[in-house]
Amino acid sequence: MVKDRNADAGVSARDLQAWLTSYEGAPIPTAWVPGAKPDERTRLAALGGLVGALMGAGPDASLLPAFSAQDMRRWVTEGPTPPEEFVLRYKKLLASDRRDTTLADLYARTVSPVSRRNLGTFFTAPREVNWMVDQWAASQPKPRAVVDVGAGVGIFTTTAASRWPDAQVWAVDINPVTLGLLALRVHNEYRIESSVSLDPGIRLVLDDYVAWVQETWHDLPSGRLVLGNPPYTRLQLLPHGERARLAAAAGGLCGNRASLSALITAATLQLLQPDDGLCLLLPAQWLESDYAARLRERIWSLKNRRVELHLFASELFDDAQVDAVALLVGTERISEQPFILGHDGNTTRTLPRDSASPDRWRALFEKETKNTAPKRSGFLLRDFAKIKRGVATGDNKFFIVTDATQRERQLPQSVLRPLIRRLRDLPNVCDQRTLDQLEEKHYLLVATERQLKDLKRLQAYIAIGVDEETPERILCQTRPRWYDLNSEIFTPDVIIGPMTKDKFHLVENRAEALITNNLYGLTWKPETPSDMRLDILKWLRSKAGQAAITEAARRQGEGLIKIEPRALNDLPLPAKFRPLADTLL
């Protein structure tokens with residue numbers, strides 16, 4: 001949730017939204033901020049007018065050296081002119097902003113968290129930024145060049161420029177709007193340098209980080225520090241053509257399901273020379289994920305470099321529930337360096353690196369627990385069932401239909417299938433009567449090409465999706481017909497909640513409802529007899545079964561534990577199932 005800091009300067013959130021929304025000019029190009037809705041892109045175009053007004057008489061060519069494209073200059077020079085009182089109030093707010101959050105608030109109010117996921121744009125709190133810079137300075141030499149990866153509105157950039165005024169500071173981001181806001185932030189307070197200058201100062205670079213750093217790295221002065229909060233972009237939001245390029249840059253350190261932040265970390269590690277290092281704030285999934293196993297092994301093997309991992313709570317970001325870990329990889333030394341663990345910036349212990357890298361790193365932050373797993377049978381859950389995620393629609397806002405939307409749009413029931421969105425309020429057995437008693441019902445749009453030709457109400461609803469640019473979403477682009485989910489849906493026998501603080505919920509799906517990818521579906525193999533299905537399900541819900549699932553799960557922030565489909569499929573069954581399993585298999 002974005003706090004209303006504008007009210008402190010006499011400008012309320014309502015004032016800001018009213019002015020941005022009143023703009024009737026052309027929206028910024030879709031390519032600038034992929035995922036942003038048309039109304040958000042229009043508000044972003046209006047925001048350029050505010051940036052131009054706050055800069056003064058208009059930026060000259062030296063102010064925005066990265067913005068060579070004519071349309072970027074037009075963004076700050078041809079946007080709508082805000083009222084003078086509005087500009088004065090925002091100037092006052094920027095002048096008094098010692099926490100560097102005003103510009104992040106502006107962007108966060110203009111583009112929703114959901115729309116920001118394509119570029120992974122989430123802003124780091126000043127406390128953690130200062131801590132990371134302090135942590136580097138406490139044990140490492142002053143950098144001669146700092147690269148802020150995914151600079152956003154530049155809180156890492158400005159903090160680094162203040163701490164190391166003799167260093168070159170490169171702010172690299174693919175998002176021209178956030179980089180334009182950064183230009184506003186620094187144009188009166190810091191020295192802006194062009195890319196050809198050898199002097200200290202801030203450079204603004206509008207480019208893809210991995211492409212830019214591979215081309216430019218060896219031109220930067222030795223003693224390079226890669227600093228920042230890389231984009232939190234999931235694999236499925238990356239264009240297919242980008243994945244192969246990023247995987248090649250990672251040099252085999254990441255599997256094919258790696259997120260963008262893990263790929264960026266791996267690509268950066270490949271470039272480090274003895275006097276270089278990195279200090280990054282990353283989503284903590286890579287500590288456990290199979291796709292990052294080789295990345296963890298590489299970091300573990302860097303015994304002549306100091307390595308620090310500090311786990312932060314999931315409330316770190318105002319508008320994204322994700323637990324994060326700060327990773328510091330220091331410069332090379334002659335002697336072996338420590339591997340340090342910490343929570344929320346406080347050191348907890350140092351690990352020896354005289355053995356192989358642990359398989360999973362999340363458990364390193366926890367106290368050792370006694371192994372109470374039951375005696376295993378030699379059989380896995382995958383021998384009797386298949387577990388996988390629900391369907392990834394590409395745009396849940398469009399494909400998930402509520403009762404109210406169904407009535408308003410008069411969508412025919414023939415294109416809607418019952419959908420279970422969460423398990424919290426459901427009993428162990430969910431039938432149609434259970435769904436009928438829910439306060440709010442949900443459906444998944446499951447339409448065919450023939451139905452689209454025959455049903456006018458469906459045609460009208462599909463047209464809404466086109467206007468909202470749903471066909472342009474990454475997953476929708478991969479389908480022969482962007483709206484047709486029929487080849488991707490399945491009806492699970494049991495629905496499983498993947499995340500909990502206490503007990504994993506398993507619900508028998510007698511209602512034959514569908515699920516999206518926030519839930520998992522278990523489908524029994526045809527040869528698994530009904531009595532064995534009941535026995536396995538009973539065991540999974542038992543204390544022993546829950547303990548087995550918990551043992552295989554990943555630890556998240558705030559006491560949450562999360563199980564992955566692969567770990568469930570590979571869950572060992574206890575010895576009591578062996579006699580029947582031997583007969584069956």
Side-chain angles (χ1 to χ4, degrees), residues 257 284-293 314 321-323 358-390 420-430 490 492-509 515-525 528 531-578 580-581:
R257 295 180 60 85
Q285 288 94 328
W286 72 276
L287 296 173
E288 291 288 305
S289 300
D290 290 337
Y291 66 67
S314 57
Q321 286 296 308
V322 58
D323 55 330
D359 289 339
R360 309 287 176 182
W361 282 12
R362 187 59 183 259
L364 299 177
F365 293 91
E366 301 169 5
K367 294 181 179 179
E368 292 185 9
T369 56
K370 190 175 181 180
N371 185 4
T372 58
K375 186 177 179 181
R376 297 174 179 177
S377 64
F379 294 102
L380 306 177
L381 186 54
R382 69 164 66 246
D383 294 324
F384 309 99
K386 181 178 181 180
I387 298 98
K388 64 179 182 178
R389 301 177 193 273
I420 290 177
R421 297 208 66 187
R422 63 182 185 184
L423 303 184
R424 188 175 64 192
D425 301 324
L426 295 181
N428 283 345
V429 177
C430 178
F490 67 101
D493 297 311
V494 179
I495 302 173
I496 304 171
M499 190 177 299
T500 184
K501 285 187 176 182
D502 179 30
K503 186 176 182 180
F504 290 96
H505 201 175
L506 296 95
V507 174
E508 287 187 75
N509 183 26
I515 56 173
T516 52
N517 63 345
N518 65 308
L519 297 171
Y520 303 158
L522 178 153
T523 304
W524 297 111
K525 291 187 175 181
T528 305
D531 55 346
M532 189 172 188
R533 297 180 185 187
L534 293 175
D535 286 344
I536 291 176
L537 185 55
K538 182 179 178 180
W539 176 77
L540 290 170
R541 288 176 174 150
S542 71
K543 185 176 181 179
Q546 290 288 310
I549 299 174
T550 300
E551 183 183 359
R554 294 194 286 112
R555 272 62 180 173
Q556 306 277 52
E558 298 303 299
L560 285 170
I561 49 178
K562 182 179 181 182
I563 191 70
E564 298 291 345
R566 179 174 178 177
L568 275 174
N569 279 309
D570 290 340
L571 195 70
L573 296 182
K576 69 177 184 178
F577 290 108
R578 186 172 187 92
L580 184 54

[Y] side chain reached by [X] side chain, heavy atoms, under 4.5 Å:
X: K503; Y: K543; value: no
X: F504; Y: I561; value: yes
X: L380; Y: N569; value: no
X: E551; Y: L571; value: no

Taking all non-hydrogen atoms of both residues into account, name the closest pair between [X] and [Y] and its distance.
X: A567; Y: A552; value: CB-O, 3.7 Å
X: C430; Y: V507; value: CB-CG1, 3.6 Å
X: A548; Y: W539; value: CB-CH2, 3.8 Å
X: L506; Y: Q546; value: CD1-NE2, 3.9 Å
X: F490; Y: G390; value: CE2-CA, 4.0 Å

From [X] [atom1] over to [Y] [atom2], what is the distance, rounded to the nearest 0.5 angstrom?
X: E564; Y: E288; atom1: CD; atom2: CD; value: 9.5 Å
X: L540; Y: L522; atom1: CG; atom2: CG; value: 7.5 Å
X: I515; Y: I420; atom1: CD1; atom2: CD1; value: 8.5 Å
X: L423; Y: I495; atom1: CG; atom2: CD1; value: 6.0 Å
X: I549; Y: L381; atom1: CD1; atom2: CG; value: 8.5 Å
X: H505; Y: R422; atom1: NE2; atom2: CZ; value: 12.5 Å

So, using salt bridge (Lys or Arg N to Asp or Glu O under 4.0 Å) as the criterion, who are the partners of R541 when residues are at least two apart? none
Hits for salt bridge (Lys or Arg N to Asp or Glu O under 4.0 Å) against E508, two or more places apart or cross-chain, chain-then-number order -> R510
Which residues satisfy the side-chain contact (heavy atoms from CB on, under 4.5 Å) test with [X], sequence neighbours excluded?
X: K525; answer: E527, T528
X: D290; answer: R360, R566
X: P358; answer: W300, W361, L364

With I387, which of V494, T523, L568 fulfils side-chain contact (heavy atoms from CB on, under 4.5 Å)? L568
Output yes when a side-chain donor or acceptor of S289 lies under 3.5 Å from a complementary backbone atom of A292, and no otherwise. no
P492 backbone acceptor or donor facing N509 side chain under 3.5 Å: yes
For W524, which residues count as a ring-ring contact (aromatic ring centres under 6.0 Å, His included) partner, sequence neighbours excluded? none
